[in-house]
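Worth saying up front: this structure is predicted, and the values here are computed from it rather than measured. We name chains A, B, ... by the order of the sequence lines, and we start the count at 1 in each one.
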Number of protein chains: 2
Amino acid sequence: MKKEETDVCKNNVIGDIRINELRKNLPEDELLFDIAEFFKIFGDSTRIKIINALFCENELCVCDLSVIIGISQSAVSHQLRILRQSKLVKYRKEGKTVFYSLDDEHIKQIYNLAKEHITEEK
Amino acid sequence: MKKEETDVCKNNVIGDIRINELRKNLPEDELLFDIAEFFKIFGDSTRIKIINALFCENELCVCDLSVIIGISQSAVSHQLRILRQSKLVKYRKEGKTVFYSLDDEHIKQIYNLAKEHITEEK
DNA sequence: ATTATATATGAATATATGTTCATATATAAC
DNA sequence: GTTATATATGAACATATATTCATATATAAT
């Protein structure tokens, strides 16, 4: 019994040596966690609608955003906060109004790849 | 009062005409929903670990996968089902053993873009 | 100052999602 | 056939997440 706690089944097709190699060379959990968290941001209809709208108009105030995507001001604000915290959007204030816009080069690429993927699939 | 139900606030910075233009030209909700669903698949640590492991080894059985990423066989199986249903992985059976591998060209690109994004950010 | 407007946010609620546990199924070994 | 193994899956549970509602805050208009 040398395989200890890593032993879930007796199959171990690729062999202990390769298994341990893989286990060691995997990116640290933290990186993988961060990647998952990043994708999670995109994994919500409301946020995707916001992102999409900001692609089209470049800059929008909360109110107009809310009307355009048809979601309550409160819900939009809540989601904008998440997008802000992830640094995916930036904002500027002008009087009472707050204008939001996209704040990341990668977003467009990633978003478009996904869109392509979905569209091709059909 | 012509702005009717689309009227959430009086701000309407970009104007009704442009608002309605945007509302009409937005991709249908369904497409945006599908895109969000697609990202949702990547938005989980366990699934990202699976995807990452399959990048490294190309093909892995459930058991070895489970050992490599350090997550129970049951949880891995459940997540593999989700990945299967989204057609992100394919599998082949060999006796008792089931081998999984990635089944999509786009995944690598999207995954790598996200990884880049996260790494650059630091 | 008072009132109206745009946005943000806390709390409550509802819903979705992931894990575990127990167990089913399928195949292999004996 | 019986037993062991690899995988899949349903149910229960725990946790996370999004929305709504009420309200706070900040600015503008009167």
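- A/Leu83 is listed as a side-chain neighbour of A/Ile51, based on a closest heavy-atom distance under 4.5 Å.
- Looking at B/Leu60 and B/Phe99, their side chains never come closer than 4.5 Å, going by heavy atoms from C-beta outward.
- In this structure, A/Arg84 satisfies the cation-pi test against A/Tyr91, with its NZ or CZ atom closer than 6.0 Å to the six-membered ring centre and inside 45 degrees of the ring normal.
- Between the C1' atom of C/dA6 and the CZ atom of A/Phe99 lies a distance of 11 Å, rounded to the nearest Å.
- B/Tyr111 and B/Asn52 share a side-chain donor-acceptor pair at under 3.5 Å.
- Nearest heavy-atom pair, B/Leu113 versus A/His106, reported as atom, atom and distance to 0.1 Å: O-ND1, 4.0 Å.
- Spacing between atom CG of B/Asp64 and atom P of D/dT5 amounts to 16 Å, rounded to whole angstrom units.
- Using a 4.5 Å heavy-atom cutoff, the side chains of A/Leu31 and B/Lys115 are in contact.
- Residue order along DNA chain D, read from the 5' end via each residue's closest nucleotide, puts B/Ala75 first among A/Gln79 and B/Ala75.
- For B/Tyr100, the side-chain atoms get nearest to D/dA8 when compared with the rest of D/dA6, C/dT7, D/dA8.
- If you measure from atom CZ of B/Phe39 to atom P of D/dT17, you get 17 Å, rounded to the nearest angstrom.
- Counting heavy atoms from C-beta outward, B/Gln79 and B/Val76 have side chains that stay 4.5 Å or more apart.
- One finds a side-chain N or O of A/Ser72 lying less than 4.0 angstrom from the OP1 or OP2 phosphate oxygen of D/dT20.
- Cluster annotation: A/Ile69 is connected to A/Val98 through the hydrophobic network of ILVMFWY side chains, with a link wherever side-chain heavy atoms come within less than 4.5 Å.
- Residues of residues 40-55 of chain A having a heavy atom closer than 4.0 Å to DNA chain C: none are found.
- Residues A/Ile35 and B/Phe42 have side chains not in contact (no heavy-atom distance under 4.5 Å, counting atoms from C-beta outward).
- Judged by distance alone, with hydrogens and angles left aside, A/Gln73 brings a side-chain donor or acceptor within reach of the base of C/dA8, the pair sitting under 3.5 Å.
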Atom pairs, N/O to N/O, protein against nucleotides 10-15 of chain D, distance under 3.5 Å?
{"unit_1": "D/dG10", "atom_1": "O6", "unit_2": "B/His78", "atom_2": "NE2", "d": "2.8"}

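- Atom CG in B/Leu80 sits about 13 Å away from atom C1' in D/dA6, given to the nearest Å.
- Counting non-hydrogen atoms under 4.0 angstrom, A/Leu65 reaches nothing in the nucleic acid.
- In this structure the side chain of A/Phe55 reaches within 4.5 angstrom of the side chain of A/Ile107, judged on heavy atoms.
- Residues from residues 84-96 of chain A that place a heavy atom under 4.0 Å from any atom of DNA chain D, listed by number: A/Lys93, A/Gly95, A/Lys96.
- The CG atom of A/Leu60 sits 11 Å away from the P atom of C/dT7 (whole-angstrom rounding).
- From B/Asp29, atom CG reaches atom CD1 of A/Ile48 across 12.5 Å, with rounding to the nearest 0.5 Å.
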